[in-house]
Amino acid sequence: LKTVDFTRCKHLKEIGEEAFGYCEKLEEVDIPNSVKSIGMNAFEHCNSLKKVFLPASLEEIGEKAFSECEKLEEVDFSLSTQLKRIGDETFYRCKKLQNIVLPDSVTFIGQEAFVQCESLRLFVLPASLEKLEDNVFSNCEKLEEVDFSISTRLKRIGDNTFCNCKKLEKIILPVSLEEIGNGTFCGCEKLEEVDFSLSTQLKRIGDKTFYYCKKLQNIVLPDSVTLI
């Protein structure tokens, strides 16, 4: 299976669990503008899949939906203004995925959603984001910059979220942040700057948060921090 033509599927609401999993020659998917949900493992291990167009109607991407699509380079979220939830391990080990710009509707990113996306360099988080679970970007070794500055609802960054992001140099933390989890930036060997200037509500910095951050030079914590 190399192509899937959805052009006649005017009333398709959901792509179910494991619908196209392990279709290893599938190259491109243009999901129709009626689909609200992509199910668990729907396109898992589609090893030839390079590009995915997500529709305006989409509200949720299920767990492992595109997990281990090793040639996936681009996911076009530009139309997906109703997308709220990205499930656990959704893009796990998508090794060629480079840039992600999420729409300003996403409120939840699940555990390990982008783990080991080895080519991911830039990630823009939306103002709408409320939950960033554990290990979301761990071992994204080429990730250079993450900007939370427009995020006004995110209260917690999960455990080990950026662990072993070895090229990460700068983090701008959001104004709404109250807690940084355990080991969040551990092993970020090139991290030089963490900008706390907006984070006037930050209360807790977890265990081993900056463990093995060898280039981190200066930290100015806000007056709100009560536990390190």
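Source: prediction; values computed, not measured.
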- Please say which of Glu141, Lys95, Gln98 ends up in a side-chain contact (heavy atoms from CB on, under 4.5 Å) with Ser119. Gln98

- Message: Any non-hydrogen side-chain atom of Leu173 less than 4.5 Å from a side-chain atom of Ile180?
- Response: yes

- Message: Under a 4.0 Å threshold between the charged nitrogen and the carboxylate oxygen, would Glu144 count as salt-bridged to Arg121?
- Response: yes

- Is it true that atom CZ of Phe6 has more than 12 heavy atoms of other residues, nucleotides or ligands lying nearer than 6.0 Å? yes

- Item | Cluster overlap Ile205 with Ile219, hydrophobic side-chain contacts below 4.5 Å | yes

- Start with the C-alpha distance between Tyr211 and Phe185, add both sets of side-chain angles, then the distance that settles side chain to side chain contact (heavy atoms under 4.5 Å, CB included), and finish with yes or no. CA-CA 7 Å; Tyr211 177 77; Phe185 300 104; over 6 Å; no

- Looking at Lys170 and Glu145, does any basic side-chain N land under 4.0 Å from a carboxylate oxygen? no

- Task: Verify side chain to side chain contact (heavy atoms under 4.5 Å, CB included) between Phe77 and Val101, making sure each step is shown before the conclusion.
- Result: CA-CA 7 Å; Phe77 290 94; Val101 180; over 6 Å; no

- Query: Looking at side-chain heavy atoms only, is the closest gap between Glu68 and Tyr92 below 4.5 Å?
  - Reply: yes

- Query: Ser151 and Pro126: which non-hydrogen atoms are nearest, and at how many Å?
  - Reply: OG-O, 3.2 Å

- Item | Rounded distance [0.5 Å steps], CZ in Phe43 versus CD in Glu18 | 13.0 Å

- Indicate yes or no for a side-chain donor-acceptor contact from Asn182 to the backbone of Gly206 under 3.5 Å, with no hydrogens or angles considered. no

- Message: Quick check: do Glu133 and Phe108 have side-chain heavy atoms less than 4.5 Å from each other?
- Response: yes

- Could you walk me through whether Phe66 and Glu44 pass the side chain to side chain contact (heavy atoms under 4.5 Å, CB included) test, one step at a time? CA-CA 5 Å; Phe66 297 96; Glu44 179 185 19; over 6 Å; no

- Spell out, yes or no, whether Ile86 and Met40 are grouped together once hydrophobic residues are joined by side-chain heavy atoms under 4.5 Å, including indirect joins. no

- Query: Can you name the closest pair of heavy atoms from Ile38 and Ala65 and give their distance?
  - Reply: CG2-CB, 4.1 Å

- Task: Write down the atom of Phe20, the atom of Val4, and the distance for their closest heavy-atom approach.
- Result: CE2-CG2, 3.7 Å

- Query: Is there side-chain contact between Val136 and Asn160, with at least one heavy-atom pair below 4.5 Å?
  - Reply: no

- Message: I need the Leu1 CG to Cys23 SG distance, nearest 0.5 Å.
- Response: 5.0 Å

- Side-chain touch Asn99/Leu120, heavy atoms, less than 4.5 angstrom: no

- Task: Enter the distance from Asp104:CG to Leu83:CG here, rounded to the nearest 0.5 Å.
- Result: 11.5 Å

- So Asp195 and Ile171, side chain to side chain contact (heavy atoms under 4.5 Å, CB included) or not? Walk me through it. CA-CA 6 Å; Asp195 187 342; Ile171 288 280; over 6 Å; no

- Message: Treating Ser199 as the side-chain partner and Leu177 as the backbone partner, does any N or O pair qualify as donor plus acceptor under 3.5 Å?
- Response: no

- Message: Donor-acceptor pair, distance only, cut-off 3.5 Å: does the side chain of Thr90 make one with the backbone of Glu63?
- Response: no

- Query: Is there side-chain contact between Leu216 and Phe210, with heavy atoms separated by less than 4.5 Å?
  - Reply: yes

- Note on the structure: All heavy atoms of His45 vs all of Glu24, minimum pair found to be O-CG, 3.7 Å

- Query: Could Arg204 and Asp207 be called an ion pair, given the rule that one side-chain N must be under 4.0 Å from one carboxylate O?
  - Reply: no

- Message: Quick check on Lys203: does its NZ atom have over 12 non-hydrogen neighbours (other residues, nucleotides or ligands) under 6.0 Å away?
- Response: yes

- Query: About how many Å separate SG of Cys213 and NZ of Lys208, when rounded to the nearest 0.5 Å?
  - Reply: 13.0 Å

- Query: Ignoring hydrogens and geometry, is there a side-chain-to-backbone donor-acceptor pair from Asn135 to Thr161 under 3.5 Å?
  - Reply: no

- Query: Are Leu102 and Val124 side-chain neighbours, meaning at least one heavy-atom pair lies under 4.5 Å?
  - Reply: no

- Task: Looking only at non-hydrogen atoms, find the nearest pair between Gly16 and Ala42 and report the distance.
- Result: O-CB, 3.7 Å

- Backbone of Phe91 reached by a side-chain donor or acceptor of Ser67 within 3.5 Å: no

- Atom pair CG (Asn33) and CG (Leu12), whose distance is rounded to the nearest 0.5 Å: 11.5 Å

- Test Glu130 against Arg153 for salt bridge (Lys or Arg N to Asp or Glu O under 4.0 Å), laying out the working first. CA-CA 5 Å; Glu130 295 176 4; Arg153 298 179 187 176; 3.8 Å; yes

- Message: Whether the side chain of Ser128 engages the backbone of Val106 through a donor-acceptor N/O pair (distance < 3.5 Å, no angle test) should be reported.
- Response: yes

- Verify the cluster assignment for Val225 and Ile157: are they in a single hydrophobic cluster under the rule of side-chain heavy atoms below 4.5 Å apart? yes

- Task: Output, in order, the C-alpha distance, side-chain angles, deciding distance and verdict of salt bridge (Lys or Arg N to Asp or Glu O under 4.0 Å) for Arg156 and Asp134.
- Result: CA-CA 10 Å; Arg156 184 179 187 272; Asp134 298 344; 3.7 Å; yes

- Just by distance, do the side chain of Thr209 and the backbone of Thr184 share a donor-acceptor pair under 3.5 Å? no

- Item | Validation row: Phe148, Leu125 side chains within 4.5 angstrom (heavy atoms) | yes

- Task: Flag yes if Ile61 and Val115 sit in one hydrophobic cluster, no otherwise; membership is Ile, Leu, Val, Met, Phe, Trp, Tyr, and two members link when side-chain heavy atoms are under 4.5 Å apart.
- Result: no

- State the CZ-SG distance between Phe162 and Cys140, to the nearest 0.5 angstrom. 9.0 Å

- Least distance between heavy atoms, Leu72 atom then Cys94 atom: CD2-SG, 4.2 Å

